[in-house]
Every structure is written in C-alpha cells, then in structure tokens.
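As structure tokens, the structure follows; a few thoughts come after it.
It should be emphasised that the depicted structure is a prediction, and the values quoted were computed from it without experimental measurement.
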Amino acid sequence: MAYTLFISENRLKRLTAVHLNVEPDEITPFVLNAQDVYIQELLGTKFYNNLKVSVLSGTTTVAEKTLLDDYIAPCLANYAVYLALPSFNYKMKNKSVLNPSAEEAQNTDLTELKYLRESIKNMADFYRERSREYLYDNESYFPDYINPGVDGMMPNKHNTYSSGIVFPSTYPLC
C-alpha cells in the first residue's frame, strides 16, 4: 500500500519528545491519521490530494515547500504524537490490551496521560493556526486552497484554536 507522508520520521522525532528508539511502525499509522484528519481539514481535500501528488513526484513549489517545512511539519508532528500517546502506554495484542512496564520505569497514570495529551494538542493547535495564517497571507500561491471545488472537504479557514476559557455572553467584557 502506497502512502505519502508530509513529514519524515527523523523530522518528527526532532520536533517532538518522541524518543529516537521508537520504531517507525509504531508512529507511522498515527502520522497518516493526523495527516488525513487534521491536515486535510486545514487544506481541503483538493489541495491536500494535489500536495500529496507533488510531494510524491518531487515537484513541490517553493511556496509548498515552505508551507510543508515551516508550518505543516510542526503541526503534523504534534498531532501525530497526540494521537499516538495512548498507544505508547498501552499495547493492543491479540488477547488483550496490555500496559507493559520496565524495571526502571513507572507507568504513567491516566491523569498524567490526559495532561500530556492536552499539552501536545495545544501545541498542535498553535501550529495549525500558524499554518492557517500563512495560507491566508499567501493565498495567491495556493490556487487549490482558494478554489477547493465541491468534492471532498472544504478547507477550514476559521480559527479553531481554543484556550479552554469560556466568557458568558451575559457579562460585558472590559
């Protein structure tokens, strides 16, 4: 099965806290999922698919390379780790879900795992917003972003970054 990744294993490990001894097979499915879910939502299906073709054929433009290297890569790396984090702690085997432990390490409890995931997701959301701003500021370089067609997902051009703080509308903001 052929697939195109917008980030290399080495780049992902340099941009995140993923240890160098993590095998590519353990993280690649999560990179693919993060790319399909979060990056396709950002770019829209038409631009996303055309960018995959450009990467695979080695014909990316300077603007696309900048988008991929400076904006998409940190966003994708963090979303991939966000999705992968539970599987680093728990392993699905043919008879059960295991929580392997080592003699010199302690397993992370659920509260710590939730905190780590939230922290990583906040970082990924930050980079997604930077990517969105770059696309908005440079729309003329990305015609498939401006004209996404009608097939597939439309690019989400709205800020979805959330601080977790809610201000009720009944109180005036000073």
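Taken to the nearest 0.5 Å, the NZ atom of Lys46 stands 10.5 Å off from the CD1 atom of Ile146. Remark: Asn49 CG to Asp151 CG distance equals 10.0 Å, nearest 0.5 Å. How far CG of Leu51 is from CD1 of Ile39: 10.0 Å, rounded to the nearest 0.5 Å. With values rounded to the nearest 0.5 angstrom, Thr4 atom OG1 is found 7.5 Å from Gln35 atom CD. Put simply, CG on Leu20 and CG on Asn10 are 8.0 Å apart, with the number rounded to the nearest 0.5 Å.
Under the side-chain hydrogen bond (donor to acceptor under 3.5 Å, both in side chains) criterion, Lys13 pairs with Glu9, not counting sequence neighbours. Shown here are the side chain to side chain contact (heavy atoms under 4.5 Å, CB included) partners of Met154, two or more places apart in sequence or in another chain: Pro148. Legend: residues meeting ring-ring contact (aromatic ring centres under 6.0 Å, His included) with Tyr145, ordered by chain and number and at least two apart, are absent. The side-chain hydrogen bond (donor to acceptor under 3.5 Å, both in side chains) test applied to Asn21 returns His19, not counting sequence neighbours. Thr60 meets the side-chain hydrogen bond (donor to acceptor under 3.5 Å, both in side chains) test with no other residue; sequence neighbours excluded. Scanning for ring-ring contact (aromatic ring centres under 6.0 Å, His included) contacts around Phe6 gives Tyr48, with sequence neighbours left out. Every residue was checked against the salt bridge (charged side-chain N to carboxylate O under 4.0 Å, His left out) condition with Lys114, not counting sequence neighbours, and none meets it. Take Phe30 and apply the ring-ring contact (aromatic ring centres under 6.0 Å, His included) test, not counting sequence neighbours, and it matches no residue.
For residues 134-144, the set of pairs meeting the side chain to side chain donor-acceptor pair (under 3.5 Å) definition, not counting sequence neighbours, comprises Asn50-Asp144.
Val55 and Leu5 get closest at one heavy-atom pair: CG1-O, 4.1 Å.
One finds a salt bridge joining Glu129 and Arg132 here, because a Lys/Arg side-chain nitrogen approaches an Asp/Glu carboxylate oxygen to under 4.0 Å.
The closest side-chain heavy-atom distance from Ser131 to Leu42 is below 4.5 Å.
Judged purely by atom type and a 3.5 angstrom limit, Thr45 uses its side chain to pair as donor or acceptor with the backbone of Met153.
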> Would Ser87 and Glu26 satisfy side-chain hydrogen bond (donor to acceptor under 3.5 Å, both in side chains), going step by step from the backbone distance to the final call?
Replying inline: CA-CA 8 Å; Ser87 77; Glu26 292 182 49; over 6 Å; no
Please report, to 0.1 Å, the donor-acceptor pairs under 3.5 Å made by any side chain of residues 62-86, with sequence neighbours excluded.
| residue | atom | partner | partner atom | Å |
| --- | --- | --- | --- | --- |
| Glu64 | OE1 | Thr61 | N | 3.0 |
| Lys65 | NZ | Asp69 | OD2 | 2.7 |
| Thr66 | OG1 | Val62 | O | 3.0 |
| Asn78 | ND2 | Pro74 | O | 2.8 |
| Tyr79 | OH | Asp125 | OD1 | 2.3 |
| Tyr79 | OH | Arg128 | NE | 3.3 |

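In the hydrophobic clustering of this structure, Phe47 does not group with Leu56; members are Ile, Leu, Val, Met, Phe, Trp, Tyr whose side-chain heavy atoms approach within less than 4.5 Å, directly or through other members. Hydrophobic clustering, with ILVMFWY side chains joined whenever heavy atoms are under 4.5 angstrom apart, keeps Val53 apart from Phe142.
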